[in-house]
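Owing to the predicted nature of the structure, the values given are computational and were not obtained by experimental measurement. Below, all heavy atoms of this structure are taken into account, side chains as well, without hydrogens, waters or symmetry copies.
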Amino acid sequence: DSASGDDDDSAGPALFHGLVVITEILYDPTAGGEPAGEWVEVHNPQSYAVDLIGWTFGDLNNPTQHTIAASVPIGPGGYIVLGRNADTNLNGNVLLDYAWGGLPGLGNAGDLVVLTAGDGTMIDTVDYAQAGFADPSGASIYLGSGSTNATLNDVGAAWCVSATAWPNSAGDLGSPGVANPPCPVPL
């Protein structure tokens with residue numbers, strides 16, 4: 001069986017908006033520092049694996065992009081972390097599945113993050129410059145559990161600010177590479 005669930009291993013899964021979903025972004029790290037500590041978490045809500053090789057990660061506001069040059073498989077229901085710098089001594093001690101290196105950078109005052117398949121299909125976008133998105137420093141914004149789809153991640157109210165550090169974090173807050181907790185209920 002192929003990753004798409006049929007017997008044709010050459011076909012791969014069909015590409016569509018929401019195939020994978022951007023679920024967490026640390027765009028203004030303090031412990032890891034700028035820009036080495038920037039990262040983006042991607043979730044695969046499908047029942048089959050999806051590989052990001054040949055896909056581009058970029059920014060439509062400042063048109064820079066990076067083509068993912070290595071195999072980055074995301075298992076069914078799994079999470080991966082893409083980041084600027086894989087050196088944990090420089091990035092706030094986050095373990096990356098893939099480092100994009102230089103550009104694109106993540107704007108601290110808002111940005112439009114884009115994940116595009118190799119054939120040009122826009123898989124997911126998050127415009128955290130829109131009204132309703134929080135603007136924390138030293139903490140990621142994350143899509144609350146139960147909201148992990150490509151429609152809800154366009155709505156600022158579906159995103160929360162991380163309040164706890166990941167294991168061995170150098171001080172920034174977030175949950176890179178694992179399912180996000182529910183958003184706290186406002187008082």
Side-chain angles (χ1 to χ4, degrees), residues 18-46 48-59 64-108 111-117 123-126 128 133-134 136-145 147-150 153 158-181 183:
L19 175 64
V20 299
V21 181
I22 297 166
T23 53
E24 190 170 3
I25 305 169
L26 180 60
Y27 55 81
D28 189 9
T30 55
E34 294 277 357
E38 296 177 346
W39 51 264
V40 174
E41 176 187 83
V42 180
H43 170 58
N44 175 9
Q46 309 307 323
Y48 50 85
V50 177
D51 196 329
L52 305 186
I53 190 169
W55 290 24
T56 57
F57 171 76
D59 170 359
T64 56
Q65 61 184 10
H66 173 83
T67 300
I68 298 170
S71 178
V72 184
I74 312 174
Y79 295 82
I80 57 101
V81 181
L82 310 172
R84 289 279 299 252
N85 190 320
D87 185 339
T88 56
N89 293 313
L90 299 175
N91 74 8
N93 209 25
V94 64
L95 299 175
L96 301 181
D97 295 283
Y98 183 84
W100 71 74
L103 294 174
L106 302 176
N108 293 346
D111 219 333
L112 176 61
V113 179
V114 181
L115 189 59
T116 307
I123 301 297
D124 197 18
T125 64
V126 175
Y128 62 90
F133 280 84
S137 181
S140 69
I141 57 172
Y142 69 91
L143 199 56
S145 63
S147 301
T148 54
N149 67 60
N153 81 343
W159 291 78
C160 318
V161 176
S162 293
T164 57
W166 63 87
N168 301 314
S169 167
D172 287 324
L173 308 178
S175 58
V178 298
N180 296 327
C183 287

Q. Without hydrogens or angle criteria, can the side chains of Ser140 and Ser162 be said to hold a donor-acceptor pair below 3.5 Å?
A. yes
(Q) What's the separation between atom CG in Asn91 and atom CG in Asn93, rounded to the nearest 0.5 Å? (A) 7.0 Å
Q. Could you walk me through whether Val40 and Leu106 pass the side-chain contact (heavy atoms from CB on, under 4.5 Å) check?
A. CA-CA 9 Å; Val40 174; Leu106 302 176; 4.0 Å; yes
Q: With the side chain counted from C-beta on, respond yes when Leu143 and His43 share a heavy-atom pair under 4.5 Å apart, and no when they do not.
A: no
Q) So, Asn44 side chain and Tyr48 main chain: donor-acceptor pair closer than 3.5 Å or not? A) yes
Q: List the atom of Ala179, the atom of Ser175, and the distance in Å for their closest heavy-atom pair.
A: O-OG, 4.4 Å
Q. Between atom OG1 of Thr88 and atom CG of Leu96, what is the distance when rounded to the nearest 0.5 Å?
A. 9.0 Å
**Q.** Any side-chain heavy-atom pair of Glu34 and Asn108 under 4.5 Å
**A.** yes
Q: Determine the sole option in Tyr98, Trp55, Trp100 for which the side chain to side chain donor-acceptor pair (under 3.5 Å) test with His66 is passed.
A: Tyr98
Q.
Would the distance check show the side chain of Asp97 and the main-chain N or O of Val81 forming a donor-acceptor pair, the cut-off being under 3.5 Å?
A. yes
Q | Side chain to side chain, Asn149 and Pro45, heavy atoms closer than 4.5 Å | A | no
Q.
Under a plain distance cut-off of 3.5 Å, with no hydrogens placed, do Thr148 and Asn153 share a side-chain donor-acceptor pair?
A. no
Q: Enter the distance from Thr116:OG1 to Ile123:CD1 here, rounded to the nearest 0.5 Å.
A: 7.5 Å
Q. Can you say whether the rings of Tyr27 and Tyr128 are parallel (under 30°), tilted (30 to 60°) or perpendicular (over 60°)?
A. parallel
Q: List the steps, then state whether side-chain contact (heavy atoms from CB on, under 4.5 Å) holds for Ile80 with Leu52.
A: CA-CA 10 Å; Ile80 57 101; Leu52 305 186; 3.9 Å; yes
**Q.** salt bridge (Lys or Arg N to Asp or Glu O under 4.0 Å) against Glu38, all qualifying residues, sequence neighbours excluded
**A.** Arg84
Q: Quick one: do Thr23 and Tyr79 satisfy side-chain contact (heavy atoms from CB on, under 4.5 Å)? Show the steps, please.
A: CA-CA 9 Å; Thr23 53; Tyr79 295 82; 4.0 Å; yes
Q) Between the main-chain N or O of Val113 and the side-chain N or O of Asp111, is there a donor-acceptor pair closer than 3.5 Å? A) no
(Q) Any side-chain to backbone donor/acceptor pair from Asp172 onto Gly92? Under 3.5 Å, distance only. (A) no
Q) Any side-chain heavy-atom pair from Phe133 and Val126 closer than 4.5 angstrom? A) yes
